[in-house]
Amino acid sequence: MRFEIIKHDKNTSARTGRLTTSHGIVETPIFMPVGTQGTVKTVSPKELEECGVQIVLANTYHLYLRPGPELIKSAGGLHNFISWSHPILTDSGGYQVFSLSDLRQISEEGVSFRSHFDGSSHFFTPEKVIEIQEALWADIIMTLDECPPYPSSYEYARKSTELTTKWAIRCKKAQTNNETQALFGIIQGSTYSDLRLLSTKNLVDLDFPGYAIGGLALGEPKVIMWELVSLVVQNLPPEKPRYLMGVGYPEDLISAVTLGIDLFDCVLPTRNARNGTVFTRFGRLSIKNATYANDFSPLDSECNCYTCRNFSRAYLRHLFNTGEILAPRLATLHSVHFFLWLMKEIRQAISEDRFDTLRKEFLSKYHYNENHL
RNA sequence: GCCGGGGUAGCUCAAUUGGUUAGAGCACUUGACUGUGGAUCAAGGGGUUAUGGGUUCGAGUCCCGUCCCCGGUG
């Protein structure tokens with residue numbers, strides 16, 4: 001993997017870049033839709049391409065439990081198995097163990113957990129997680145981390161962050177294929193500045209090809225989140241890609257790019273779409289609301305995605321209210337298209353030295369939820 | 001026609017010998033969702049208990065009339 005910075009924004013820390021992987025180029029800043037089980041729910045790879053998707057995220061935790069890394073390996077790797085020829089990033093499973101499994105027990109050696117769907121017992125170590133991700137053969141793979149909940153006590157966060165660093169060292173050591181796969185380290189530290197700083201320095205010393213910031217957007221105030229992102233980014237090597245994990249809302253993406261983030265992933269555009277809430281240039285729109293029953297305009301009057309070119313709000317509402325399978329599909333297509341459109345606008349604005357203007361224009365039009373600030 | 005059973009929220013049903021403001025599920029309305037949850041959670045609206053009388057301190061509940069539904073029988 002190679003990362004080159006193309007352009008720095010004049011007024012902010014935003015930048016555009018080019019990430020070259022063994023399955024092609026990713027232009028940054030970029031948003032990665034989440035395809036947990038080897039599919040971005042409801043949409044096909046071809047449709048993802050049409051939405052402007054360049055890289056998707058898949059999940060070690062889920063794919064390990066089903067169908068198992070051996071099967072995917074014998075299919076010729078994840079790209080072959082799911083028929084996606086562009087880059088893939090796999091998450092390590094640290095977050096899923098934290099958020100999905102009932103019984104988890106963390107020790108120095110690793111984490112034991114019970115599967116969230118059949119209750120079976122499993123044990124992840126840093127070495128195991130690398131082995132699985134090498135079998136899946138994603139272009140970018142992640143270190144095993146522990147994601148401490150918010151809020152966490154300082155003492156818990158300190159120990160947890162220390163453990164994440166030790167696991168990062170073991171992951172790096174366990175990696176056998178660093179020619180075609182890039183291993184990103186994950187920075188933790190909860191909401192404590194000194195722990196974030198320490199975590200950043202320790203991981204930078206290990207010289208990863210890219211760095212992720214994890215453990216944020218877990219309910220902490222936005223002010224704190226941005227302070228921490230800013231602090232971490234300032235202490236990361238500028239020439240390496242930076243990935244803010246699990247973020248976020250459109251307004252968050254703008255803020256994070258401003259601080260110098262290159263990569264994002266989030267379930268919001270896809271999960272919310274399945275539940276009937278889509279993102280548009282004018283803000284969030286709950287298509288199931290009765291107010292759209294007779295509204296024959298598209299979701300977003302300025303969008304040229306397949307959904308907006310062909311279907312009305314009234315029809316989409318009808319599809320949702322009748323439980324039709326097309327409803328989550330069309331909504332997902334729109335929101336994914338919108339997120340990728342936004343990233344493209346951001347890249348273009350940076351390259352033309354007008355990122356600041358774009359940011360202001362976008363936020364003046366986009367009606368965001370004030371609870372999120 | 002006669003005999004029996006039954007009419008409670010849009011739907012399916014609760015409501016202990018008559019006893020606070022008639023409840024629930026689904027549906028509906030409105031929120032929430034940040035390294036996935038087609039999941040789920042939260043809040044809300046909705047009732048002259050078929051209808052007209054009566055008994056009672058008090059009736060969805062007991063009595064009488066009327067209307068309607070279901071089963072049986074002519």
Side-chain angles (χ1 to χ4, degrees), chain A residues 31-43 55-63 65 88-101 116-117 129 133 138 140-150 164 184-188 210-222 225-226 229 243-253 255-256 261 263-279 284-293 317 319-332 335-336 339 368-373:
Chain A
F31 178 81
M32 304 181 276
V34 176
T36 301
Q37 315 207 65
T39 167
V40 176
K41 294 184 194 300
T42 79
V43 301
I55 174 171
V56 298
L57 178 146
N59 228 274
T60 300
Y61 172 88
H62 298 260
L63 294 173
L65 292 174
I88 300 176
L89 178 148
T90 47
D91 191 15
S92 63
Y95 184 81
Q96 284 62 49
V97 168
F98 150 74
S99 69
L100 295 178
S101 62
H116 70 288
F117 62 81
V129 156
Q133 292 187 94
I140 300 173
I141 64 178
M142 305 300 299
T143 55
L144 183 65
D145 64 332
E146 194 214 337
C147 183
Y150 173 79
T164 289
F184 282 23
I186 303 177
I187 291 150
Q188 287 291 352
Y211 296 94
I213 306 172
L216 291 177
L218 300 178
E220 75 283 2
K222 279 285 167 75
M225 171 168 133
W226 296 130
V229 169
Y243 164 25
L244 182 56
M245 305 186 82
V247 172
Y249 290 95
E251 62 269 30
D252 294 336
L253 303 184
S255 299
I261 298 294
L263 294 154
F264 303 92
D265 80 280
C266 192
V267 302
L268 278 170
T270 45
R271 178 192 287 166
N272 281 17
R274 272 178 273 125
N275 295 331
T277 301
V278 295
F279 294 90
R284 295 160 75 170
L285 187 155
S286 293
I287 194 59
K288 289 190 272 194
N289 286 9
T291 178
Y292 303 120
R317 177 173 190 273
L319 292 178
F320 267 107
N321 285 347
T322 51
E324 285 293 337
I325 199 91
L326 188 58
R329 266 176 54 64
L330 292 178
T332 301
S335 279
V336 170
F339 268 57
Y368 46 83
N369 189 334
E370 290 176 8
N371 297 331
H372 295 154
L373 297 178

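The model shown is predicted, which means the values in this text are computed figures rather than measured ones. Reminder, nothing fancy here: chain letters follow the sequence lines and each chain counts from 1.
For B/A32, neither phosphate oxygen OP1 nor OP2 lies less than 4.0 angstrom from any side-chain nitrogen or oxygen of A/Arg271. For B/C33, the OP1/OP2 oxygens have a side-chain nitrogen or oxygen of A/Tyr249 closer than 4.0 Å. A sub-4.0 Å separation between OP1 or OP2 of B/G31 and a side-chain N or O of A/Asn275 is absent. Within the 4.0 Å cut-off from OP1 or OP2 of B/C28, not a single side-chain nitrogen or oxygen of A/Arg317 is found. The side chain of A/His62 contributes an N or O atom lying less than 4.0 Å from OP1 or OP2 of B/G37.
Along RNA chain B, the nucleotide nearest A/Ala217 and the nucleotide nearest A/Pro328 are compared for position; the residue whose nucleotide lies closer to the 5' end is A/Ala217. In terms of position along RNA chain B, the nucleotide closest to A/Met245 lies nearer the 5' end than the nucleotide closest to the other residue of the pair A/Ile325 and A/Met245.
Rounded to whole Å, the distance from CD1 on A/Ile287 to C1' on B/U29 is 15 Å. A/Leu218 has its CG atom 13 Å from the C1' atom of B/C33, to the nearest Å. Between the C1' atom of B/U29 and the CG atom of A/Asn321 lies a distance of 11 Å, rounded to the nearest Å. We find that CD1 of A/Ile55 is positioned 16 Å from P of B/G35, with the value rounded to whole Å. To the nearest angstrom, P of B/G35 lies 8 Å from CZ of A/Phe31. If you take CE of A/Met225 and P of B/G35, they are 11 Å apart, rounded to a whole angstrom. Atom P of nucleotide B/G35 and atom CD1 of A/Ile213 are separated by 15 Å, given to the nearest angstrom. Computed from coordinates, the A/Tyr95 OH to B/G35 P distance equals 5 Å when rounded to whole Å.
To the nearest whole angstrom, the two C1' atoms, one in B/G10 and one in B/C62, are 31 Å apart. A gap of 15 Å separates the C1' atoms of B/U21 and B/U49, to the nearest Å. Rounded to the nearest Å, the gap between the C1' atom of B/U20 and that of B/G31 is 32 Å. Nucleotides B/U34 and B/A24 have their P atoms positioned 29 Å apart, rounded to a whole Å. The gap from the C1' atom of B/A59 to that of B/U55 amounts to 10 Å, rounded to the nearest Å. Comparing B/A27 with B/C11, their P atoms sit 15 Å apart, to the nearest whole Å. For the C1' atoms, the distance linking B/U56 with B/A9 amounts to 29 Å, nearest Å. The gap from the P atom of B/G74 to that of B/C69 amounts to 22 Å, rounded to the nearest Å.
Of the candidates B/G37, B/G38, B/G35, the closest approach to any side-chain atom of A/Lys41 belongs to B/G38. Among the nucleotides B/U30, B/C33, B/G31, the one closest to the side chain of A/Ala290 is B/U30. Comparing B/G35, B/G38, B/U30 by their closest approach to the side chain of A/Thr42 singles out B/G38. Set against B/U34, B/C33, B/G35, the side chain of A/Asn272 has B/C33 as its closest nucleotide. Distance from the side chain of A/Asn289 is smallest for B/U30 among the nucleotides B/G35, B/A32, B/U30.
Between the A/Arg284 side chain and the A/Phe279 main chain, no donor and acceptor come within less than 3.5 Å of each other. With hydrogens and angles disregarded, no donor-acceptor distance shorter than 3.5 Å links the side chain of A/Thr277 to the backbone of A/Ser286. Side-chain atoms of A/Lys41 never come within 3.5 Å of backbone atoms of A/Arg329 as a donor-acceptor pair (strictly under, hydrogens ignored).
For the residue pair A/Glu146 / A/Thr164, no side-chain donor-acceptor distance below 3.5 Å is found, with atom types taken as modelled. In the model, A/Tyr243 has a side-chain atom that pairs as donor or acceptor with a side-chain atom of A/Asp265 under 3.5 Å.
Between A/Val247 and A/Met225, some side-chain heavy-atom pair lies under the 4.5 Å cut-off. By the 4.5 Å heavy-atom criterion applied to side chains, A/Tyr249 and A/Leu268 are counted as neighbours.
Among the protein residues, A/Glu220 comes within range of no part of the nucleic acid, since none of its heavy atoms lies under 4.0 Å from any strand. Within the 4.0 angstrom heavy-atom criterion, no nucleotide atom of any strand lies near A/Leu244. Counting any heavy atom pair closer than 4.0 Å across all strands shown, A/Asp145 reaches a base atom. Residue contacts shown for A/Asp265 are limited to sugar-phosphate atoms, with no base heavy atom under 4.0 Å away. Residue A/Gly219 is classed as having no contact, given no heavy-atom separation below 4.0 Å to the nucleic acid.
Taking the ring centroids of A/Phe31 and A/Phe264, they lie at or beyond the 6.0 Å cut-off.
Consecutive pairing runs in RNA chain B reach the stem threshold at B:1-7 with B:67-73, B:10-13 with B:23-26, B:28-32 with B:40-44, B:50-54 with B:62-66, where a stem means at least three Watson-Crick or G-U wobble pairs with distances under 3.5 Å.
Between the side chain of A/Asn59 and the base of B/G35 there is no donor-acceptor pair of N/O atoms closer than 3.5 Å. A donor-acceptor contact under 3.5 Å is not formed by the side chain of A/Gln37 with the base of B/G37.
Residue A/Ile261 holds its CD1 atom at 12.0 Å from CE of A/Met245, rounded to the nearest 0.5 Å.
Base orientation of B/G38: anti, since the glycosidic angle falls outside 90° of 0.
With sequence neighbours left out, the ring-ring contact (aromatic ring centres under 6.0 Å, His included) criterion links A/Tyr95 to A/Phe98.
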